[in-house]
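Down below is the structure, laid out as structure tokens.
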Amino acid sequence: MSERALLRRIRVWLVLFIVCLVLSGLTAFPLVHELRWAEDLLTSSASPVPEHLPALAEWITRVRSGLDEADARHPFVLYGTDWLAFAHLVIAVAFYGPYRDPVRNVWVVQFGLIACAGIIPLALICGPIRDIPFWWSVIDMSFGVFGAIPLFIVYRMIRRLEAAQAA
């Protein structure tokens, strides 16, 4: 594969990763409204969730109730999720470096891989402390796994590009 084709593939994977980070960040801002919508959808008469996945329906109701209470009585608590959203957006911006010059900025991809790996111990440690059901922690951990896949592909392609440029 030519250097140009390799660079194009790296950029396509990075754009995919950046878009996912931005979408993940943007969805953290309207959590209260999203949870109300999700609960309405999951508990509607047409939904199979209450019958087949009652724990999911109960969890979404519990989380929605907690967010409603926090929003009504302690809205400053939700400010933490605003910072979570902002962090996703800032991290997405950092991936412009590897987009522009992958070999020179490979460290950003390595940082992303480390962050993805860090999701797993965070979920395993903080999930039980915060009374999060284990199955929900598994969903959280999947973000690290699924985030690492494109980053690992990009990392390997960057190393191939680096070797091609050195030759």
Side-chain angles (χ1 to χ4, degrees), residues 1-39 41-42 49 53 56 59-60 63-64 67 70 77-130 132-167:
M1 179 180 305
S2 72
E3 288 181 34
R4 187 177 185 151
L6 197 52
L7 181 59
R8 187 173 34 252
R9 288 184 72 201
I10 289 167
R11 287 180 171 165
V12 166
W13 279 104
L14 285 170
V15 166
L16 173 70
F17 188 77
I18 290 167
V19 166
C20 289
L21 267 175
V22 168
L23 290 175
S24 180
L26 292 176
T27 61
F29 284 113
L31 280 180
V32 173
H33 301 291
E34 288 172 341
L35 260 295
R36 287 179 190 153
W37 175 79
E39 183 185 32
L41 184 68
L42 293 177
V49 172
L53 298 168
L56 174 62
W59 175 248
I60 294 299
V63 172
R64 193 264 320 136
L67 283 174
V77 172
L78 297 177
Y79 188 53
T81 61
D82 296 337
W83 280 104
L84 169 72
F86 178 71
H88 278 77
L89 301 176
V90 169
I91 293 167
V93 170
F95 280 90
Y96 177 69
Y99 179 89
R100 200 178 74 245
D101 187 347
V103 172
R104 188 168 136 207
N105 294 296
V106 69
W107 69 269
V108 177
V109 175
Q110 292 167 328
F111 165 80
L113 284 165
I114 293 166
C116 286
I119 290 171
I120 294 170
L122 178 85
L124 289 172
I125 294 167
C126 295
I129 291 171
R130 302 289 185 208
I132 305 297
F134 180 73
W135 57 267
W136 193 264
S137 293
V138 171
I139 292 170
D140 289 340
M141 289 184 278
S142 74
F143 283 92
V145 172
F146 290 120
I149 291 170
L151 290 180
F152 186 70
I153 292 168
V154 166
Y155 179 75
R156 289 186 57 197
M157 287 191 291
I158 290 172
R159 290 303 183 203
R160 286 180 27 212
L161 180 62
E162 182 180 36
Q165 289 175 347

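For the single chain, residues carry numbers from 1 onward in sequence order. What you see below is based on every heavy atom in this structure, not just the backbone, and it leaves out hydrogens, waters and symmetry mates.
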Would you please name every residue forming a side-chain hydrogen bond (donor to acceptor under 3.5 Å, both in side chains) with S24, sequence neighbours left out? H88

Nearest-0.5 Å distance, CZ of residue R104 to CD1 of residue I158: 13.5 Å

Residues passing the side-chain hydrogen bond (donor to acceptor under 3.5 Å, both in side chains) test with W107, sequence neighbours excluded, are none

I18 and A92: which non-hydrogen atoms are nearest, and at how many Å? CG1-O, 3.8 Å

Pairs meeting criterion salt bridge (Lys or Arg N to Asp or Glu O under 4.0 Å) with involvement of residues 2-27, two or more places apart: none

Nearest 0.5 Å, what's the CD1-CD1 distance between I120 and I125? 11.5 Å

Could you pull out all residues at least two apart from L122 that satisfy side chain to side chain contact (heavy atoms under 4.5 Å, CB included)? C126

Taking all non-hydrogen atoms of both residues into account, name the closest pair between A123 and P128 and its distance. O-CD, 3.8 Å

Those residues that, when tested against R159, pass side-chain hydrogen bond (donor to acceptor under 3.5 Å, both in side chains) (two or more places apart): Y155, E162

Looking only at heavy atoms, what is the nearest atom pair of L161 and L6, with distance? N-CD2, 3.4 Å

Sequence neighbours left out, what passes side chain to side chain contact (heavy atoms under 4.5 Å, CB included) with T81? Give chain and number order. L31, L78

Looking only at non-hydrogen atoms, find the nearest pair between M141 and I119 and report the distance. CA-CG2, 4.0 Å

Residue pairs involving residues 22-37 (criterion salt bridge (Lys or Arg N to Asp or Glu O under 4.0 Å); sequence neighbours excluded): R36-D68

What distance do N105 atom CG and L14 atom CG have between them, rounded to the nearest 0.5 Å? 10.0 Å

List the residues meeting side chain to side chain contact (heavy atoms under 4.5 Å, CB included) with P133, not counting sequence neighbours, and say none if there are none. W59, W135, W136

With sequence neighbours excluded, tell me which residues meet ring-ring contact (aromatic ring centres under 6.0 Å, His included) with Y79. W83

Under the side chain to side chain contact (heavy atoms under 4.5 Å, CB included) test, residues paired with V12 that sit two or more places apart: none

Does anything in residues 5-32 form a ring pair (Phe, Tyr, Trp, His ring centres under 6.0 Å)? List the pairs, not counting sequence neighbours. F17-F95

Does the side chain of W37 come within less than 4.5 Å of L41's, by heavy atoms? yes

Spacing of CG belonging to L53 relative to CD1 belonging to I60, to within rounding of 0.5 Å: 11.0 Å

Within the structure provided, determine whether L124 and S137 are in side-chain contact (heavy-atom separation under 4.5 Å). no

Between the CG atom in L151 and the CD1 atom in I114, the distance rounded to the nearest 0.5 Å is 11.0 Å

Sequence neighbours excluded - side-chain hydrogen bond (donor to acceptor under 3.5 Å, both in side chains) pairs with any residue from residues 89-103: none

Residues L84 and A28: closest non-hydrogen pair is CD2-CB, 4.3 Å

Is there a side-chain contact between V154 and P98 (heavy atoms, below 4.5 Å)? no

Specify the closest pair of heavy atoms between A85 and G25, including all atoms of both residues, with the distance to one decimal. CB-O, 3.0 Å

